[in-house]
There are 2 protein chains.
Amino acid sequence: MKKRVRIIDVAEHAGVSPGTVDRVIHNRGKVSPEKREEVLKVMKELGYERNIAASILAKGENYRVAVLLPDYNEDPYWKQPFAGAEEARKQVQHFGLNIEYYFFKLLSPEDFDRQARNILKTQPDGTRPDGILFSPLFLNEGEELLNKCDNLNIPCVIINTNLQSSKKLSYIGQHSYQSGVLAARLLNFGTPKKRTVIILNLTKGSTNAKHLIEKKEGFQYYFDNYGNKKVKVVNLEFEEFNDNEKLKTFLQGLIEKYTNLSGIFFTNSRAYKAIQCLDEKIVKKIKIIGFDLIESNLNYLREDKINFLINQNPIEQGFLGIQTLYKHLVEKEAVEPIQYLPLDIVVKENMQYYQKRGYQVETLLTA
Amino acid sequence: MKKRVRIIDVAEHAGVSPGTVDRVIHNRGKVSPEKREEVLKVMKELGYERNIAASILAKGENYRVAVLLPDYNEDPYWKQPFAGAEEARKQVQHFGLNIEYYFFKLLSPEDFDRQARNILKTQPDGTRPDGILFSPLFLNEGEELLNKCDNLNIPCVIINTNLQSSKKLSYIGQHSYQSGVLAARLLNFGTPKKRTVIILNLTKGSTNAKHLIEKKEGFQYYFDNYGNKKVKVVNLEFEEFNDNEKLKTFLQGLIEKYTNLSGIFFTNSRAYKAIQCLDEKIVKKIKIIGFDLIESNLNYLREDKINFLINQNPIEQGFLGIQTLYKHLVEKEAVEPIQYLPLDIVVKENMQYYQKRGYQVETLLTA
DNA sequence: AAATTTTTTGTGTGCGAACACAAAAAAAAC
DNA sequence: GTTTTTTTTGTGTTCGCACACAAAAAATTT
């Protein structure tokens with residue numbers, strides 16, 4: 001148990017005052033080059049490490065982080081990153097990280113933009129947030145926010161949807177392409193003969209389509225290279241998924257057209273919307289793969305109407321997002337620019353274990 | 001951003017000195033009942049919360065935690081909990097938690113016991129560890145260690161194998177029974193007709209058999225209640241798995257005997273030992289499910305010789321184990337007595353994401 | 001060469017809790 | 001009622017860092 005090296009130890013060895021060492025550590029300038037070099041050398045020699053507890057105490061509660069997510073009342077999926085962030089907040093609040101939440105309307109780029117402006121507005125005390133966690137569902141507006149933050153020197157962590165921009169501190173989420181490959185593998189597993197599989201995208205055009213395209217490509221790739229060569233892949237999209245009648249007509253059309261239909265891969269969390277519209281017997285004959293452990297999907301998983309759900313760890317996304325900002329701001333540690341979360345294969349028999357933090361979502365939101 | 005309530009605030013409101021409040025908080029006795037009550041009341045009223053950073057700083061680096069695991073040179077699986085613990089150590093070392101590792105010979109209860117005694121020996125400075133993390137592979141010796149620690153008031157976190165004893169702070173690991181059910185589900189998925197499945201236990205009698213029995217029961221339960229009713233389940237054990245010739249003979253015997261063999265479920269990480277001995281064509285005809293993402297298994301997963309691996313998150317077990325002790329000792333927060341980790345279904349297409357921390361295992365151990 | 005400005009370096013205080021020790025109050029012994 | 005002992009309460013120092021401010025040294029100006 002080697003005793004820690006302190007600033008004052010470094011100062012003594014370097015023949016300077018603690019104040020000078022402090023200036024070197026924090027780059028507060030006003031240090032002559034020679035002393036600067038000497039201090040850096042001694043720090044390395046002695047292996048100086050900042051005492052984080054003392055640092056936090058001396059600094060006071062100072063960091064402000066803004067979290068911008070879709071309003072979860074419109075889509076229960078978004079409860080989960082929120083819950084994860086809340087969980088992390090409880091831990092890091094002791095160490096000087098405070099969090100403010102902002103919510104935008106799920107399908108409205110305008111609202112996203114409005115909230116983003118709110119976040120960046122200077123407070124009465126003249127400050128801006130020290131970090132932002134958000135999900136860039138809209139490509140342009142997301143990039144714009146990243147750019148603004150880059151100018152203001154505010155680190156951003158983005159979750160769920162990746163942007164190519166290098167102006168982010170870190171991306172946390174799934175590898176879209178690979179999730180498509182995985183879905184294909186699972187569907188292929190239950191498709192021995194010459195059959196048809198459908199990849200169906202229930203979404204409106206306005207949202208960031210990039211990760212949906214990647215899923216499709218991954219899905220196609222698997223069947224082209226590894227899967228049962230006799231399987232035909234059909235690629236479809238349907239926008240009016242909120243109109244039950246239209247959706248029903250659309251789906252029945254598919255069933256009639258593709259008589260040798262083996263399975264459907266839903267590219268997002270809306271598998272349950274389709275299953276609602278279909279006859280039980282038909283559903284059970286088709287293999288169905290969807291995304292996300294939201295309650296409506298889980299119910300169908302229990303009833304064996306959905307065969308597999310792929311979990312993209314939304315709770316963990318929120319949790320890790322806050323943790324990453326904490327690491328960067330408070331501990332000043334380097335963070336990974338891309339943090340891919342596992343693609344969990346969820347069936348009835350293991351679903352319970354992926355909802356652990358999920359329990360708190362409910363209690364949290366009714367409070 | 002409400003300002004924090006400090007001890008001195010509580011003291012003022014209660015009309016006592018900070019020392020008295022301190023005594024109440026730490027139960028250092030010597031406080032008159034009236035003042036004690038008053039202080040507690042005020043603490044609740046003002047919502048006092050300990051400033052953890054200040055607390056850690058004032059206390060100094062004080063906590064010592066011992067970690068007792070099997071020697072990973074004998075079984076690569078055990079590299080993983082070690083790596084997880086190391087990862088956690090890096091984080092909590094800043095906050096006053098120091099870790100010492102002890103290793104015991106995998107199949108030797110005597111060595112486990114010897115190391116346990118080492119751990120509990122008082123140090124030159126008269127102290128014992130403040131907490132212990134271990135894996136109670138041997139039922140009796142594990143219980144004994146728990147009992148001793150209970151007497152000495154040392155909190156214990158156990159991983160991998162559960163013990164019924166209530167004298168543990170927390171268990172972290174899988175739900176054995178449910179993992180059996182899950183394996184059955186996956187095997188059943190690929191078994192349409194009247195066939196035979198084998199559940200095979202490659203182990204020596206000496207280790208704690210309890211979680212193996214639970215796996216078997218879960219496996220059987222699924223086929224009895226939900227699975228294909230025409231499947232016959234055969235329950236076997238083989239001890240001399242390290243003798244390739246004998247194992248080969250044994251397995252070929254099985255193949256000949258059960259001509260309609262559909263799949264084998266290996267109850268631990270030794271699936272690879274069996275596959276080594278078998279002909280490629282035969283392996284590919286049989287569905288194989290095993291446990292644990294060790295390199296030999298992963299290779300066979302890549303080659304499609306193993307269909308599914310169930311991951312019991314050994315890295316996370318080590319990581320969470322240390323975190324749990326940190327929470328208990330340093331943050332003094334309540335911890336969950338049982339923390340079940342997910343039963344991950346791993347195939348070729350998602351295996352990479354479950355090894356994230358695993359990468360560091362290699363670099364760690366060659367250093 | 002003295003006075004002034006600018007750059008560089010050193011000193012001191014506070015953050016909040018833990019713990020040792022001193023002081024005061026209460027109880028017991030005489 | 002005084003002294004001694006025990007219980008209860010209060011005070012002061014420490015942990016290591018951040019940051020404000022004071023002091024010293026160097027560079028400019030006069």
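Here is the naming used below: chain letters follow the sequence lines, and residue numbers restart at 1 for every chain. None of these values were measured; they are calculated from a predicted model. Excluded from the calculations below are hydrogen atoms, water molecules and symmetry mates; all remaining heavy atoms, backbone and side chain alike, are included.
Atom CZ of B/Arg4 is separated from atom P of C/dC15 by 14 Å (rounded to the nearest Å). A straight line from CG of A/Asp22 to C1' of C/dG12 spans 13 Å, rounded to a whole angstrom. In this structure, the CD1 atom of A/Ile56 is 13 Å from the C1' atom of D/dA18, given to the nearest Å. What separates CD1 of A/Ile8 from C1' of C/dT13 is a distance of 14 Å, to the nearest Å. Atom P of nucleotide D/dG12 and atom CD1 of B/Ile7 are separated by 17 Å, given to the nearest angstrom. Residue B/Arg36 contributes atom CZ, which lies 17 Å from atom P of D/dT7 at whole-angstrom precision. Rounding to whole angstrom units, CD of residue A/Glu331 and P of D/dC17 are separated by 15 Å. The NZ atom of A/Lys30 sits 15 Å away from the C1' atom of D/dA22 (whole-angstrom rounding).
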### Task
Take B/Asn51 and A/Leu57 through the side chain to side chain contact (heavy atoms under 4.5 Å, CB included) test and state the conclusion after the steps.
CA-CA 9 Å; B/Asn51 181 324; A/Leu57 177 60; 4.2 Å; yes

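Looking at A/Gln317, its side chain does come within 3.5 Å of a backbone N or O of A/Asn160 through a donor-acceptor pair.
Ring pair B/Phe82/B/Tyr72 is tilted by interplanar angle, where 30° to 60° counts as tilted.
For C/dC19, the OP1/OP2 oxygens have a side-chain nitrogen or oxygen of B/Arg28 closer than 4.0 Å. At the phosphate of C/dA17, OP1 or OP2 sits under 4.0 Å from a side-chain N or O atom of B/Tyr48. For B/Ser55, no side-chain nitrogen or oxygen approaches OP1 or OP2 of C/dG16 to under 4.0 Å. Of the side-chain N and O atoms in A/His26, none sit less than 4.0 angstrom from OP1 or OP2 of D/dC19. Of the side-chain N and O atoms in B/Lys59, none sit less than 4.0 angstrom from OP1 or OP2 of C/dA17. For D/dT9, one of the phosphate oxygens OP1 or OP2 lies less than 4.0 angstrom from a side-chain nitrogen or oxygen of B/Ser32. Residue B/Arg6 places none of its side-chain N or O atoms closer than 4.0 Å to OP1 or OP2 of C/dA17. Look at B/Ser17 and you'll find a side-chain N or O under 4.0 angstrom from OP1 or OP2 of D/dG10.
No engagement by A/Gly60 is indicated, since no non-hydrogen atom pair under 4.0 Å with the nucleic acid exists.
In terms of position on DNA chain C, the residue among B/Val5 and A/Pro18 whose nearest nucleotide sits closer to the 5' end is A/Pro18.
More than 12 heavy atoms of other shown residues, nucleotides or ligands fall within 6.0 angstrom of atom NZ in B/Lys168.
Note on A/Lys41 versus A/Glu37: no salt bridge recorded, every NZ/NE/NH1/NH2 to OD/OE distance being 4.0 Å or above.
Ranking D/dG16, C/dA17, C/dT9 by closeness to the A/Ala54 side chain, first place goes to D/dG16.
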